[in-house]
Amino acid sequence: MSVKRRGELYRIPSQGKIAGVCAGLADYFGWEAWLIRILIVSGVLFGMPWLVFLYIAAWFILDKKPANATNPIMDEHVPTSSSVNQASVEDIQSEPIKVKARIWQAGEPPKQAFHDIRRKYMAMERQLRLMERYVTSPEFTVSREINKL
């Protein structure tokens with residue numbers, strides 16, 4: 001049985017509501033940020049006020065997540081129709097899709113993941129059609145003959 005290695009624990013202010021501590025914890029554990037927020041608020045409301053002090057301490061102790069340490073789940077890039085036409089097949093294939101099995105896990109619901117996979121294959125199909133159209137065109141034949149000279 002393999003153990004999944006976790007990355008570093010950071011706070012992510014760009015995805016957080018106050019300081020990004022809950023977003024950082026969610027990223028570290030692979031859970032949704034809303035679940036961590038609900039757990040923290042519920043804990044404070046139901047008799048654990050020391051969580052406020054832990055949150056403030058984490059705010060000052062944890063470093064901000066560096067720009068080069070990206071998480072594909074949280075920082076997903078959804079290409080627009082114009083960028084798909086210009087994107088290469090390698091760019092389209094490099095975007096990982098993580099499907100969540102349980103509601104508290106980070107990732108996409110299966111239905112959304114299916115639509116994203118379908119969108120990627122349609123973009124690759126368009127790229128392939130453009131390449132086939134060029135290779136079978138007279139322009140390609142003339143260009144190839146000129147290059148042979």
Side-chain angles (χ1 to χ4, degrees), residues 1-43 51 54-149:
M1 178 186 250
S2 66
V3 176
K4 181 182 173 192
R5 255 186 81 121
R6 293 187 181 131
E8 295 285 326
L9 178 59
Y10 295 110
R11 63 184 180 92
I12 310 171
S14 62
Q15 296 173 356
K17 299 293 182 188
I18 298 175
V21 174
C22 291
L25 286 170
D27 182 46
Y28 183 75
F29 288 112
W31 292 3
E32 293 285 344
W34 62 267
L35 180 64
I36 300 290
R37 291 181 187 122
I38 287 174
L39 290 174
I40 298 289
V41 170
S42 299
L51 285 174
L54 283 177
Y55 187 91
I56 293 171
W59 184 348
F60 289 110
I61 293 171
L62 293 178
D63 294 328
K64 289 182 182 178
K65 187 171 187 177
N68 60 355
T70 59
N71 184 354
I73 299 168
M74 298 294 220
D75 304 327
E76 183 176 333
H77 169 69
V78 178
T80 59
S81 61
S82 62
S83 67
V84 168
N85 292 338
Q86 297 171 355
S88 65
V89 175
E90 292 83 20
D91 293 339
I92 294 169
Q93 290 175 343
S94 67
E95 295 176 20
I97 295 177
K98 183 167 189 223
V99 180
K100 62 179 166 183
R102 294 179 175 80
I103 193 156
W104 62 82
Q105 291 178 328
E108 296 185 48
K111 187 174 185 179
Q112 181 65 38
F114 174 73
H115 288 296
D116 288 345
I117 292 170
R118 186 168 190 265
R119 186 196 75 235
K120 286 182 180 185
Y121 279 112
M122 295 300 284
M124 286 190 288
E125 176 72 22
R126 272 188 246 120
Q127 284 289 108
L128 183 61
R129 286 181 185 184
L130 288 172
M131 287 189 292
E132 286 177 345
R133 187 179 310 151
Y134 175 71
V135 169
T136 58
S137 70
E139 176 185 345
F140 176 76
T141 307
V142 170
S143 175
R144 187 176 56 181
E145 292 299 323
I146 289 174
N147 287 337
K148 283 183 180 178
L149 295 177

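- G16 and R37 get closest at one heavy-atom pair: CA-NH2, 3.8 Å.
- Rounding to the nearest 0.5 angstrom, the gap separating the CG atom in D27 from the CD atom in E32 is 11.5 Å.
- Here M122 contributes atom CE and R119 contributes atom CZ; the two are 12.0 Å apart, rounded to the nearest 0.5 Å.
- Rounded to the nearest 0.5 angstrom, Y10 OH and L62 CG are separated by 10.5 Å.
- Scanning for side-chain contact (heavy atoms from CB on, under 4.5 Å) contacts around A19 gives R11, V21, Y55, W59, with sequence neighbours left out.
- Annotation: side-chain contact (heavy atoms from CB on, under 4.5 Å) contacts of I61 (sequence neighbours excluded): A57.
- Atom NZ of K65 and atom CD of Q15 lie 7.0 Å apart (nearest 0.5 Å).
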Report, one line per pair, each donor and acceptor closer than 3.5 Å where one atom sits in a side chain of residues 135-144; sequence neighbours left out.
residue: T136; atom: OG1; partner: E132; partner atom: O; Å: 2.8
residue: T136; atom: OG1; partner: R133; partner atom: O; Å: 3.3
residue: S137; atom: OG; partner: Y134; partner atom: O; Å: 2.7
residue: S137; atom: OG; partner: F140; partner atom: N; Å: 3.3
residue: T141; atom: OG1; partner: S137; partner atom: O; Å: 3.3

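- Here the side chains of L9 and L25 are in contact, with some heavy-atom distance below 4.5 Å.
- In this view, I40 and C22, I36 satisfy the side-chain contact (heavy atoms from CB on, under 4.5 Å) rule, not counting sequence neighbours.
- E125 meets the salt bridge (charged side-chain N to carboxylate O under 4.0 Å, His left out) test with R129; sequence neighbours excluded.
- Remark: K148 pairs with E145 by the salt bridge (charged side-chain N to carboxylate O under 4.0 Å, His left out) rule, at least two apart or across chains.
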